[in-house]
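Report on the structure given below.
Below, each value reflects all heavy atoms present in this structure, side chains not excepted, and no hydrogens, waters or symmetry copies. One-based numbering, in listed order, for ligands and for the atoms of each. Since the model is a prediction, treat every value here as computed from it, not as a measurement.
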Amino acid sequence: MGLAGDKITIHGGRPLNGRIELKGAKNLVTKAMVAAILGETPSVLRDVPDISDVRVVRGLLDVHGVKVTSDEDGVLTLDPSNVESAHMADIDAHAGSSRIPILFCGPLLHRLGEAFIPDLGGCRIGDRPIDYHLEVLRQFGAVVEKQPSGIRMSAPNGLKGTKVHLPYPSVGATEQVLLTAVRAEGITELRGAAIEPEIMDLINILQKMGAIIAVDTDRVIRIEGVERLEGYSHTALFDRNEAASWAAAALATEGDIFVGGARQAEMLTFLNVYRKVGGKFDIHDDGIRFYHPGTELNPVIIETDVHPGFMTDWQQPLVVALTKAKGVSIVHETVYEQRFGFVDALVEMGATIQVHKECLGGQACRFGQRNFNHSAVISGPTKLHGADIVVPDLRGGFSHLIAALSAEGTSTVSNVGIISRGYEKFITKLEQLGADFVLEG
Ligand SMILES: CC(=O)N[C@H]1[C@@H](OP(=O)(O)OP(=O)(O)OC[C@H]2O[C@@H](n3ccc(=O)[nH]c3=O)[C@H](O)[C@@H]2O)O[C@H](CO)[C@@H](O)[C@@H]1O
Ligand SMILES: C=C(OP(=O)(O)O)C(=O)O
């Protein structure tokens with residue numbers, strides 16, 4: 001997946017120290033790129049990271065006639081003026097490793113009256129159905145037809161505003177509603193919306209384009225459809241998930257990392273937990289310094305949740321740091337049913353972690369009384385030792401890297417290409433932070 005050899009040999013035990021810079025959030029940038037289809041004029045997006053999910057979306061936009069150019073580092077211009085002429089009934093598009101193609105539905109239906117969406121990628125951390133997306137699109141008036149390698153859609157009578165109530169505040173389904181409702185005829189009322197900072201930044205972008213969107217209390221969003229949207233000019237929100245990952249790396253390796261571009265407001269919940277674990281941080285105008293206290297770390301009880309709760313994507317890297325805390329920590333994963341596959345490698349490296357089917361340490365969640373190992377009990381402190389490990393998914397992969405960096409001895413970590421889905425230039429960043437490793441191949 002874009003990295004020579006896809007394997008790293010890591011000599012662990014050296015603290016990560018230094019400064020790295022963040023760019024825009026994977027979970028915003030990729031959606032902002034799709035939003036450009038809705039404009040009549042070109043859009044400009046700044047702080048775009050060089051990650052493989054961006055490359056996948058760029059490839060799909062290209063297939064659909066959106067000309068994407070990058071003149072400067074991290075600045076994309078997206079010109080959608082050829083979407084109509086590029087349209088072919090049977091576009092052979094591929095989702096690659098990304099889940100973003102499902103969000104092309106509304107914009108393409110508005111512009112072309114039909115859309116073909118290939119089967120989705122993304123991390124395999126649960127079943128990840130798209131039933132909410134399809135139901136929402138049907139409510140807007142789309143006709144959805146499943147095909148062997150994807151989904152074909154049409155909107156013979158156009159798309160009309162509707163009342164939607166999501167059964168769970170899904171990030172993707174909320175974005176689906178936004179990207180469809182802004183150009184649908186009439187008013188859409190969305191209840192049970194996700195309100196992650198990346199969604200708020202997508203709303204900022206859509207408003208710049210000419211949309212009318214009101215965010216009310218209690219997860220209610222109201223959108224008044226408009227007939228025309230223009231291109232936007234926007235600097236993407238920073239990647240708070242990457243920031244949390246490097247913060248966890250600083251703790252796990254007993255290091256000190258200044259994460260340039262990280263901001264407090266979007267990380268409040270993470271910072272509270274970091275402080276309870278014993279991690280230190282200093283907030284600056286241009287970033288946040290995260291560092292190990294030099295004393296024992298404390299165990300914590302965490303439940304992952306939708307925003308403003310503790311983000312599920314923060315859990316995997318933090319678990320590595322929790323193997324070093326004195327006492328018993330509990331992590332109850334309530335967003336994805338199968339997000340603890342990565343702990344097998346940590347156990348092989350010497351960690352003491354048990355996973356359970358019960359909802360531990362918090363409220364009963366959607367996965368209780370079912371066959372999902374979705375609670376983890378981590379006992380520490382344990383010393384990790386080197387091992388040969390294979391990266392299972394994006395965040396699991398990052399946690400394997402920091403486990404190997406914090407371990408005594410040598411590890412080989414394979415399949416590291418997956419990590420470039422969401423971490424820009426992570427090899428360069430590891431070098432900047434003084435990691436001791438060799439890239440194979
Ligand atoms: C590209 C992107 O932005 N990815 C993020 C996005 O994923 P994504 O948008 O895929 O995640 P969702 O918020 O939609 O998923 C949350 C839960 O809802 C369920 N669900 C979702 C849709 C649906 O149609 N049916 C259904 O049952 C999922 O299986 C999951 O259990 O939000 C997640 C939760 O913050 C993050 O972990 C991902 O990093
Ligand atoms: C689950 C993640 O991403 P995606 O939805 O793109 O698979 C993630 O970023 O951790």
Requested in this report: Decide salt bridge (Lys or Arg N to Asp or Glu O under 4.0 Å) for D239 and K26; before the verdict, give the C-alpha distance in whole Å, the side-chain angles of both, and the deciding distance to 0.1 Å.
Outcome: CA-CA 7 Å; D239 198 314; K26 150 184 164 286; over 6 Å; no
**Report entry** Polar contact flag, side-chain donor to acceptor under 3.5 angstrom, T412-D388
**Finding:** yes
Query raised in the report: Considering only protein heavy atoms, which is closest to atom 20 (N) of ligand 1, and at what distance to one decimal place?
Result: Y132 CE1, 3.7 Å
Report task. Can you measure from CD1 (I353) to CD1 (I378) and round to the nearest 0.5 angstrom? Result -> 5.5 Å
Report task. Give the ring-plane orientation class for H64 versus F104, where under 30° counts as parallel, over 60° as perpendicular and anything between as tilted. Result -> tilted
Report task. Give yes or no for whether the N/O distance cutoff of 3.5 Å, strictly under, is met between D313 and ligand 2. Result -> yes
**Report entry** K23 vs D73, side-chain contact (heavy atoms from CB on, under 4.5 Å): CA-CA, chis, key distance, verdict
**Finding:** CA-CA 11 Å; K23 280 222 186 70; D73 184 34; 3.5 Å; yes
Query raised in the report: What distance separates L401 CG from T253 OG1, expressed to the nearest 0.5 Å?
Result: 12.0 Å
Report summary line: of all protein heavy atoms, closest to atom 14 (O) of ligand 1 is S170 OG, 2.6 Å
Report summary line: Of R128, K31, R99, the residue with the heavy atom nearest atom 8 (P) of ligand 1 is R128
**Report entry** Modelled atom types, side-chain donor and acceptor of R339 and T304, under 3.5 Å
**Finding:** no
Query - atom 1 (C) of ligand 1 [closest protein heavy-atom partner, distance rounded to 0.1 Å] - result: N27 OD1, 3.3 Å
Query raised in the report: Does the side chain of K429 reach to within under 4.5 Å of the side chain of R19, using non-hydrogen atoms?
Result: no
Query - F340 and V331, any side-chain heavy atoms less than 4.5 Å apart - result: yes
**Report entry** Where ligand 2 meets R99 - atom numbers and elements under 4.0 angstrom, heavy-atom basis
**Finding:** 5 (O)
Query raised in the report: Between E303 and H332, does any side-chain donor sit less than 3.5 Å from a side-chain acceptor?
Result: yes
Query - Closest approach of any protein heavy atom to atom 25 (N) of ligand 1, naming residue and atom - result: D131 OD1, 2.7 Å
Query raised in the report: So is L394 close enough to ligand 2, meaning a heavy atom under 4.0 angstrom away?
Result: yes
Query - Heavy-atom check, side chain of P49 versus side chain of E242, under 4.5 Å - result: no
Query raised in the report: Which bit of Q315 is near ligand 2, meaning a heavy atom under 4.0 Å away: side chain, backbone, both or neither?
Result: neither
Query raised in the report: For ligand 2, does E242 get within less than 4.0 Å through its side chain, its backbone, both, or neither, judged by non-hydrogen atoms?
Result: neither
Query raised in the report: Closer than 4.0 angstrom: is that true for some heavy atom of R339 and an atom of ligand 2?
Result: yes
Query - Protein contact of atom 18 (O) of ligand 1 - nearest heavy atom, named by residue and atom, plus distance - result: Y168 CD2, 3.6 Å
**Report entry** Shortest heavy-atom approach to atom 27 (O) of ligand 1 - which of P167, P129, A194
**Finding:** P129
Query raised in the report: Who's the nearest protein heavy-atom neighbour of atom 13 (O) of ligand 1, and how far?
Result: V171 N, 2.7 Å
Requested in this report: May I ask you to list the atoms of ligand 1 that are less than 4.0 angstrom from any heavy atom of M311?
Outcome: 35 (O), 36 (C)
Query raised in the report: Looking at ligand 2, does K26 have a heavy atom less than 4.0 Å from it?
Result: yes
Query raised in the report: Can you tell me which residue and heavy atom of the protein come closest to atom 33 (C) of ligand 1, and the distance to 0.1 Å?
Result: Y336 OH, 3.0 Å
Query raised in the report: What is the closest protein heavy atom to atom 19 (C) of ligand 1, and at what distance does it sit?
Result: R366 NH1, 4.1 Å
**Report entry** Which of the ligand 1 atoms, numbered from 1, are nearer than 4.0 Å to a heavy atom of H133
**Finding:** 24 (O)
Report task. Going by heavy-atom distance to atom 39 (O) of ligand 1, choose the closest among V136, V335, D313. Result -> D313
Report summary line: Between I203 and I213, the two heavy atoms sitting closest are CG2-CG2, 3.9 Å
Query raised in the report: With atoms numbered from 1 as shown, which atoms in ligand 1 lie under 4.0 angstrom from a non-hydrogen atom of G172?
Result: 9 (O), 14 (O)
Query - Nearest-0.5 Å distance that lies between atom CG in D313 and atom CZ in R240 - result: 8.0 Å
Requested in this report: Just go through R395, R128, Q316 and tell me whose heavy atom is the nearest to atom 5 (O) of ligand 2.
Outcome: R128
Requested in this report: Classify the side-chain pair E358/S375 by whether it contains a donor and acceptor separated by less than 3.5 Å.
Outcome: no
Query raised in the report: Going by the order shown, which atoms of ligand 1 are within less than 4.0 Å of some heavy atom of I130?
Result: 24 (O)
